[in-house]
Amino acid sequence: MKKALTSIILTLILQSTSYAFISFYGPTGLLKIPTTETLNAKEYNVSSDLAINTNKNNSSIHMYAINIGLIKNTEFGILGSSDLSEGVYLNAKWNIKPYSEKIPFKTAIGIKNFPSSDNSDLYIVGSKRIHKDTTIHFGNSNKFSNKIHSSILLGTLYTYTETILFAGDISSESNNKYNLSLGFYINIFQKKFNNNLYFKGAILNLIKNSNEDSYISLGINYENFM
């Protein structure tokens, strides 16, 4: 009995809390990086973000995305932006954890920004709950351009209360540069939207260490079943 109880407690601790937040570039994730979370079958999420460029000489961006869980452990989505000259991007993610129970954390593989010739990105990510309120996310991203650029992904989600969550993520860039982002999610209009609508805010590329501009991003995230 004691062993069974210990096993149950450990399972609850190591399982990640599921939040279907859309990352800035489309897949379900944190702020900029994708995570292992995938939508359930017939579940969908949508988001709309206004990213205000902190460099007044450069324009701001409006991003919008939708993901759908068509089959179990797999999600598909599209990403649109006022900054995209190639129309919309496609993304897909497959959670492989149920098919490899020996892995001690959730695992997923995916592709985003397809079929862009410069920004298509093949990634593998892992997630593990290290505390009842804290989940860490980590992985590797491989962007296809003139040559393959590989980067490390790392992030965390902290559940402050049932309605307020804080997130942070970082990705490595070339030439020892990196991209750090910090943000939050707040559950709003709980009764009207059945706890499925979140307001989100983030500072993207906070330290301005990468080649990308820094943005202050504000938006909404909604999830539900069809």
Side-chain angles (χ1 to χ4, degrees), residues 8-9 11-51 62-81 88-95 97-98 105-106 108 110 112 125 127-137 155-169 181-204 216-226:
I8 293 173
I9 293 173
T11 300
L12 292 174
I13 291 175
L14 295 177
Q15 286 180 340
S16 295
T17 303
S18 177
Y19 290 101
F21 299 139
I22 296 181
S23 61
F24 192 67
Y25 293 117
T28 298
L30 291 179
L31 303 174
K32 294 189 72 174
I33 72 170
T35 65
T36 60
E37 301 298 342
T38 55
L39 298 172
N40 297 307
K42 297 184 179 181
E43 187 180 16
Y44 69 91
N45 57 13
V46 295
S47 72
S48 177
D49 297 89
L50 176 62
H62 174 221
M63 308 285 286
Y64 52 94
I66 179 170
N67 296 309
I68 300 175
L70 296 180
I71 57 178
K72 187 177 180 180
N73 301 313
T74 305
E75 72 175 38
F76 301 91
I78 61 172
L79 170 73
S81 168
V88 297
Y89 288 155
L90 306 177
N91 67 73
K93 188 199 303 185
W94 178 45
N95 190 329
K97 171 60 177 176
F105 47 82
K106 287 186 176 180
K112 62 179 182 177
V125 286
S127 299
K128 187 167 185 177
R129 190 170 183 176
I130 60 173
H131 185 267
K132 65 178 182 178
D133 299 323
T134 307
T135 305
I136 59 171
H137 306 273
T156 185
L157 182 68
Y158 172 67
T159 305
Y160 180 67
T161 67
E162 292 183 357
T163 59
I164 301 175
L165 302 96
F166 295 100
D169 59 43
S181 301
L182 298 175
F184 64 87
Y185 291 89
I186 298 178
N187 190 217
I188 57 176
F189 304 119
Q190 290 96 337
K191 292 183 179 180
K192 186 174 183 180
F193 291 95
N194 196 28
N195 294 317
N196 291 329
L197 181 66
Y198 284 83
F199 172 76
K200 55 181 177 178
I203 302 177
L204 308 175
I216 297 174
S217 175
L218 302 172
I220 57 172
N221 187 103
Y222 177 75
E223 62 180 283
N224 210 333
F225 285 88
M226 293 183 287

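Just so we're clear, the structure is a prediction, and the values are computed from it rather than from any experiment.
- Qualifying side chain to side chain contact (heavy atoms under 4.5 Å, CB included) partners for I71, counting only residues two or more places apart in sequence or in other chains: T74.
- Annotation: salt bridge (charged side-chain N to carboxylate O under 4.0 Å, His left out) contacts of K93 (sequence neighbours excluded): none.
- In this model, no donor atom of one side chain and acceptor atom of the other lie less than 3.5 Å apart for Q190 and T163.
- Checked against side chain to side chain contact (heavy atoms under 4.5 Å, CB included), Y158 has the following partners two or more places apart in sequence or in another chain: D133, T134, Y160, F166.
- Not counting sequence neighbours, the partners of Y185 by the ring pair (Phe, Tyr, Trp, His ring centres under 6.0 Å) test are F21.
- A distance of 7.5 Å separates OG in S127 from CG in L30, rounded to the nearest 0.5 Å.
- Considering only heavy atoms from C-beta on, D49 comes within 4.5 Å of S47 through its side chain.
- The side chain to side chain donor-acceptor pair (under 3.5 Å) search around T35 returns none, not counting sequence neighbours.
- Residues satisfying the side chain to side chain donor-acceptor pair (under 3.5 Å) test with N221, not counting sequence neighbours, are none.
- Of the inter-residue distances, the one linking S23 atom OG with M63 atom CE reads 9.0 Å to the nearest 0.5 angstrom.
- Side-chain contact of N224 with Y222: a donor-acceptor pair under 3.5 Å is present, judged by distance alone.
- Of the inter-residue distances, the one linking N45 atom CG with Y198 atom OH reads 12.0 Å to the nearest 0.5 angstrom.
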Residue pair E75, E37: steps toward the side-chain contact (heavy atoms from CB on, under 4.5 Å) verdict: CA-CA 9 Å; E75 72 175 38; E37 301 298 342; over 6 Å; no

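- The CG atom of N95 sits 5.5 Å away from atom OG1 of T36, with the distance rounded to the nearest 0.5 Å.
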